[in-house]
2 protein chains.
Amino acid sequence: MTTRAGRRLTIADVARAAGVSTGAVSYALNGKPGVSEATRARVIQVAGELGWRPHSAARSLSVARTGTVGLVLARPASTLGDESFYMQLITGIEAELAQQGTGLLLQMVPSEDACVEVYRRWVAQGRVDGVLVSDIVHDDPRPAFLREAGLPAVAMGGDAALGLPRVVGDDERAVQQVVAHLAELGHRHVARVSGLPGLLHVRLRDEAFTAAARSAGLHPQLVSTDFTARASRRATERLLQRRVRPTAVVYDNDVMAVAGLAVVQAHGLRVPQEVALVAWDDSALCSLVHPRLTAVARDIRGLGALAARRLLRLLAEGDSGADAGAGAGDEAEAQVAAAADVPAPASRLVVRESTSASPPETR
Amino acid sequence: MTTRAGRRLTIADVARAAGVSTGAVSYALNGKPGVSEATRARVIQVAGELGWRPHSAARSLSVARTGTVGLVLARPASTLGDESFYMQLITGIEAELAQQGTGLLLQMVPSEDACVEVYRRWVAQGRVDGVLVSDIVHDDPRPAFLREAGLPAVAMGGDAALGLPRVVGDDERAVQQVVAHLAELGHRHVARVSGLPGLLHVRLRDEAFTAAARSAGLHPQLVSTDFTARASRRATERLLQRRVRPTAVVYDNDVMAVAGLAVVQAHGLRVPQEVALVAWDDSALCSLVHPRLTAVARDIRGLGALAARRLLRLLAEGDSGADAGAGAGDEAEAQVAAAADVPAPASRLVVRESTSASPPETR
DNA sequence: CTGAAAGCGCTAACAG
DNA sequence: CTGTTAGCGCTTTCAG
């Protein structure tokens, strides 16, 4: 029964069909007072039959809201595909947004500065209601920009100094758990092959690792990489050639762990008997290799969903709540921001063959 | 020098600052005739200084164009993360779109029908200018809907019957290449562990595989799966227990190939001496395992970029060209559609240890 | 509770 | 070549 002709269906068509004014239709469909329940029902009915939906641009223009949130990934394109992390994150974010009828605008850029440029454009064009920020680095230019521009944002990770509401992980606890696990197995020299050193969460894990190891009486070692398999191979080689060879290595992602495993095995060392391995992010990869890798499993989809939900809440608050003006009262403001943080789903250590029972030969 | 105050910067501000009318500003910035070059330059200068960009909703409303294209992934969320395929595809698409200042709206849904619902909503809301379609299945409801709704679309894969412009891969040629490679190595019994049987490209590969094997005098076998590691393990088990055990197995994605490798090795069979393995899509995974896997490498980012570019061209044509009305003249129309197809980047066989030299022990 | 009308910011067709 | 003006489709005050 739908009109197939060229003209677009407008609220006027619905109004005419329902025998009311366009204003009434608007009230009826937005659940606002101003129409009788009978009328409301009829309007909804008619709109449904006609398959009418408010034109997104027109609506945005009048309510100054786009129904869209943005996500800019600031990572060299080449590394995005390797880790399943991002796809899962996006999946989680999207699932939550879709539930609320909010769209996700996605963009990839090579750097944090380029990311800011995208934000700047989005703000100028009024293209998104808010953004989700990931991979916060040291001296990240994004939080400051977002605050000044007044673009609502939620950070995944990062620290309290950002001044943005965050979804905060339990990396520190997870690191402690890993170290405790290794200590229990009798390891004395433990190494960590960490990711891009600029990343705040990488740094946090580094520090937590060193601290946890020290306080357990172990000897920690650190090697930095760029998260790639190639870098992991180099780092692993280097570790294996050290005078004091670590008997356990913790990798900062799944790809690096698997790459490291290959190197260890190529050196004729047995896993886990001579070297135990742990991957951060668990993934299909970790249980596909032999021996299967012990991993820190995080609910990444859940993390994304929480971040999205937090942002939606922020947007809803902004509609009625106080003007998030950049001003004085730093302390009170920071407190509010802190209170606004949300804990990410707990990560857990999945123990597999790469760290099982057999105690390492200490040297 | 930017105004930090609350009010949004509008074209009127730019006009005032440049001492011209708003109309002149619009002409100047859209590269249209109607202003002197001197004025145009001044306007552009001023707009730049002010950091003004046309408000996206307002612009969309008047030009009936959103500057956004949509991508809906119709796959159960759980499998999206495993394959790096999608992330690479998105990366490629996005890179091309970003160059033209076009946004990418992303959504994930569990089925093709749900996908159509998203399209329906997008059309009703005027949310996107066009869409990119992937994972075409047999009797896919999407192409018909898109044609009827008049929503510009480009399909990645699928067959000519879709009636949509496509980016067409060279799967058939690639399959032939794989089979020829295996035949050359002396394999007689070759198997293919294929993905979801509903997918058109899976079916195409199945047929090409059988045909190529037959015409090379080989004995092909097929097992269907759902692309998961789990299904691959089951399929591989089954293959290894067959009376006539295949000496070479071709997997429809990287994850399945690696999972299959583990099963083969668990059976005490040596790769490639006793069983040779080939992965479709190459990825980090394939060169991380031992032995490294021979794989059909495709330029997935390139594929995405081409599809995006094709869609942008379609949109540009639509602006000035003929009304893409669904009507008679099927033949002519089909011809046009065919001519509008674009070849995907060529795939190539990357030979690694999993199929190297040593001839299989034929039985 | 309902209908008319103004305006969101921009583009494009119109007179000057 | 320039300035004025009428919409794009919706929401939302403001009279009735």
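The chains referred to below are lettered A, B, ... by the order of the sequence lines, with proteins before strands, and numbering in each begins at 1.
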Between D/dG9 atom P and A/L29 atom CG, what is the distance in whole Å?
17 Å

For a quick check, with a 4.0 angstrom heavy-atom cut-off, what is the B/S/- contact string for nucleotides 8-15 of chain C, read 5' to 3'?
BBBSBB--

[X] and [Y]: which non-hydrogen atoms are nearest, and at how many Å?
{"X": "A/L162", "Y": "A/R147", "answer": "O-NE, 3.0 Å"}
{"X": "B/A340", "Y": "B/R310", "answer": "O-NE, 2.7 Å"}
{"X": "A/A74", "Y": "A/C115", "answer": "CB-CB, 4.4 Å"}
{"X": "B/A307", "Y": "B/V154", "answer": "O-CG1, 4.1 Å"}

Would you tabulate the side-chain donor-acceptor contacts of residues 101-110 of chain A under 3.5 Å, counting partners in other chains and residues two or more places apart, or write 'none'?
none

Donor-acceptor pair, B/R42 side chain versus B/A18 backbone, under 3.5 Å?
yes

Taking B/D341 for the side chain and B/R166 for the main chain, is one N or O donor matched with an acceptor at less than 3.5 Å?
yes

Kindly state which residues belonging to residues 118-129 of chain A come within less than 4.0 angstrom of DNA chain C, counting heavy atoms of the residue only, listed by number.
none

Salt bridge or not between A/E117 and A/R121? Use side-chain N to carboxylate O under 4.0 Å.
no

Let me check the geometry of the helix from C/dC1-D/dG16 to C/dG16-D/dC1. What is the bend angle between the axes at its two ends, five pairs each, to 10°?
50°

B/S60 side-chain N/O to D/dC8 phosphate OP1/OP2 under 4.0 Å:
no

Name all pairs fulfilling the side-chain hydrogen bond (donor to acceptor under 3.5 Å, both in side chains) condition that reach into residues 55-64 of chain B, sequence neighbours left out, sorted by first residue then second.
B/R8-B/H55, B/N30-B/R59

Quick test of your reading: applying salt bridge (Lys or Arg N to Asp or Glu O under 4.0 Å), list the pairs with at least one residue in residues 11-25 of chain B, sequence neighbours left out, ordered by first then second residue.
B/R7-B/D13, B/D13-B/R16

